[in-house]
Amino acid sequence: MYPKLANHVVLRVLEHPVLYDFVNNELYELENDEYQWMRYFTGYSSLNQLLSQFNDSRDEFLGFLKELKNERLIELKDKKASEIPFYSVDQSTLPSLRTLLLHVTTKCNLACLHCYLDKSAPIELDLQILLEIVRQFDQMQGLKLLISGGEPLLHSKIFEFLEKIREYKIRKILLSNGLLIDKETAERLKDLVNEVQISIDGIKSHDRFRDMKGAFERSIAAIKTLQSFGIRVSVATMVHKENIDELPELEQILKDMNIESWMLDAPSPSGNFLENLELQASVEDAARALKKYGWGYTFEDSSNIYACGAHLAAIMSNGDVAKCGFFEDQPVGNIQTNPLLSCWEKIKDNWIWRLDALNCRELDCPHLSDCKGGCRYRAFQYSKNLMGEDPVKCGIYGFKSSRFFQETDSLL
């Protein structure tokens with residue numbers, strides 16, 4: 001028998017050596033000896049050869065092998081592979097860039113009342129630039145590629161792009177409003193992406209928030225169509241004043257549809273939302289909703305010593321690289337002239353914040369290690385200080401000593 005890493009699993013060396021199941025979005029940390037063993041699971045060396053090589057730790061090795069097999073992380077092949085007998089993975093830059101939000105186009109078929117992106121001149125990234133971005137991201141040992149827009153399905157070569165990046169062992173997640181997803185589109189997507197996230201911002205209120213009559217029914221229909229082709233679907237919801245009372249019903253609808261992950265957030269006062277602030281829920285209402293609703297995983301977790309987004313970067317449709325989409329007006333470089341690695345180094349220098357640098361530390365907040373300080377952009381919007389407090393997160397954790405939690409409504 002020849003142990004081989006399963007096709008849906010990749011070995012990465014981030015802050016620690018890990019195995020990443022990019023189909024099921026599961027990360028397995030490896031001890032150093034396990035990492036050394038893992039590097040030989042290429043399907044080239046037989047089990048007997050490996051046992052003789054690791055004879056001193058035979059029992060531990062067999063236990064590790066059995067665990068990997070039970071988790072379906074490796075396969076035992078009958079025939080020897082023709083690959084190289086040994087491979088090595090260099091450690092990624094630290095903190096590691098794990099999640100890349102890629103805005104492939106600003107073209108959109110909606111005019112959402114909360115959109116923060118500049119869509120004044122519809123543009124899209126060239127196919128060759130997109131392919132080079134993914135190549136560099138994979139080289140940096142990236143894990144998740146979030147393919148967004150605008151509406152990404154409006155990119156003129158979106159399916160050619162998805163087909164050409166098909167073999168990269170990264171999780172590919174398409175962020176869509178669902179309006180362009182029919183049976184033909186879903187069938188094309190089923191082997192090209194690992195997940196589609198559909199935005200649903202209420203029930204009756206969804207149409208107004210998305211500024212299109214019938215948008216809710218069409219998004220629900222898109223979810224059902226995607227699921228009929230075996231595509232995993234998650235849902236993202238922005239909490240606003242008009243959908244607060246609809247959330248219990250929406251929760252039941254999504255549970256009945258077996259949605260694997262439901263992510264909620266509160267929109268920040270920026271972009272189009274600055275002209276629609278009458279729709280903004282109070283900090284207290286938003287915090288209660290975010291605390292009560294939602295399930296599943298989030299796209300990006302922070303390391304223990306860092307604030308929100310320590311492993312995330314965004315590339316805009318003009319090639320600008322920024323910490324996230326909210327900071328599109330403060331890019332660190334452009335991917336057409338600056339490699340992703342050099343842009344990430346600049347992000348690390350100025351846009352990754354340690355928890356002990358936040359104002360929350362001065363307030364002696366007992367929830368900081370769990371909260372991670374919340375969204376830095378939202379904190380800046382309310383406090384005019386990147387190190388300030390995110391009042392919505394303060395509300396979720398019930399930390400009432402924040403002066404911004406007390407004054408937020410008057411600030412608007």
Side-chain angles (χ1 to χ4, degrees), residues 12-15 90-103 106 116-118 125 129 132-134 136-146 148 265 267-271 298-363 365 368-369 371-394 402 404:
R12 301 293 203 197
V13 183
L14 308 174
E15 279 67 18
D90 295 329
Q91 185 170 42
S92 68
T93 180
L94 302 178
S96 55
L97 175 58
R98 303 185 186 187
T99 304
L100 184 64
L101 175 60
L102 180 57
H103 296 273
T106 60
Y116 59 86
L117 297 174
D118 179 7
L125 277 168
I129 294 173
E132 179 60 18
I133 289 170
V134 177
Q136 292 183 33
F137 181 53
D138 180 66
Q139 192 173 44
M140 291 177 65
Q141 304 195 56
L143 302 181
K144 301 174 190 174
L145 181 69
L146 312 182
S148 184
D265 201 0
S268 295
S270 62
T298 58
F299 286 144
E300 205 276 329
D301 295 321
S302 293
S303 302
N304 290 334
I305 63 172
Y306 295 109
C308 173
H311 303 287
L312 170 72
I315 299 181
M316 313 312 295
S317 300
N318 62 358
D320 282 347
V321 183
K323 179 70 199 80
C324 71
F326 286 119
F327 293 107
E328 66 170 317
D329 61 341
Q330 300 181 65
V332 299
N334 190 286
I335 198 66
Q336 301 181 65
T337 54
N338 304 104
L340 182 58
L341 178 59
S342 66
C343 291
W344 180 243
E345 292 297 333
K346 291 179 181 178
I347 288 175
K348 285 164 50 180
D349 289 341
N350 301 296
W351 295 93
I352 295 180
W353 307 280
R354 292 178 62 95
L355 292 179
D356 55 17
L358 304 183
N359 287 3
C360 310
R361 178 68 72 188
E362 298 175 7
L363 295 171
C365 175
L368 185 54
S369 61
C371 167
K372 307 296 184 188
C375 172
R376 289 299 88 211
Y377 184 81
R378 190 159 53 215
F380 178 77
Q381 289 297 101
Y382 286 112
S383 70
K384 306 308 176 188
N385 178 5
L386 274 174
M387 300 299 105
E389 301 126 89
D390 173 356
V392 176
K393 266 299 179 73
C394 289
S402 168
F404 296 115

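- Put simply, CG on Leu312 and CG on Leu97 are 8.0 Å apart, with the number rounded to the nearest 0.5 Å.
- In this structure, the side-chain hydrogen bond (donor to acceptor under 3.5 Å, both in side chains) partners of Glu132, at least two apart in sequence or on a different chain, are Arg135, Gln136.
- Note that the CG atom of Leu102 and the CE atom of Met316 stand 10.0 Å from one another [nearest 0.5 Å].
- Although no hydrogens or angles enter the test, the distance criterion places a donor-acceptor pair under 3.5 Å between the side chain of Gln91 and the main chain of Leu14.
- Evaluation of the ring-ring contact (aromatic ring centres under 6.0 Å, His included) rule for Phe327 yields Trp351, Tyr377 as partners, not counting sequence neighbours.
- Sorted by first and then second residue, the salt bridge (Lys or Arg N to Asp or Glu O under 4.0 Å) pairs with a member in residues 349-359 read Arg354-Asp356; sequence neighbours excluded.
- Contact check for His103 versus Ser148: side-chain heavy atoms found under the 4.5 Å cut-off.
- Each salt bridge (Lys or Arg N to Asp or Glu O under 4.0 Å) pair with one or both residues in residues 319-340, not counting sequence neighbours, would appear here, but there are none.
- Ser383 contributes a side-chain N or O that, together with a main-chain N or O of Asn385, makes up a donor-acceptor pair within less than 3.5 Å.
- Applying the salt bridge (Lys or Arg N to Asp or Glu O under 4.0 Å) criterion to Arg378, with sequence neighbours excluded, gives Asp265, Asp390.
- From Lys372, atom NZ reaches atom CD1 of Ile305 across 9.5 Å, with rounding to the nearest 0.5 Å.
- Considering only residues two or more places apart in sequence or on other chains, Asn350 meets the side-chain hydrogen bond (donor to acceptor under 3.5 Å, both in side chains) condition with none of them.
- Here CG of Leu358 is found 10.5 Å from CG of Leu363. Values are rounded to the nearest 0.5 Å.
- Ser96 and Gln141 are not linked by any side-chain donor-acceptor pair at a separation below 3.5 angstrom, with hydrogens and angles left out of the test.
- Going from atom CG of Leu340 over to atom CD1 of Ile133 covers 8.0 Å, rounded to the nearest 0.5 Å.
- With hydrogens and angles disregarded, a donor-acceptor distance shorter than 3.5 Å links the side chain of Arg376 to the backbone of Gly373.
- Between Trp344 and Thr93, the shortest heavy-atom contact is CD1-CG2, 3.4 Å.
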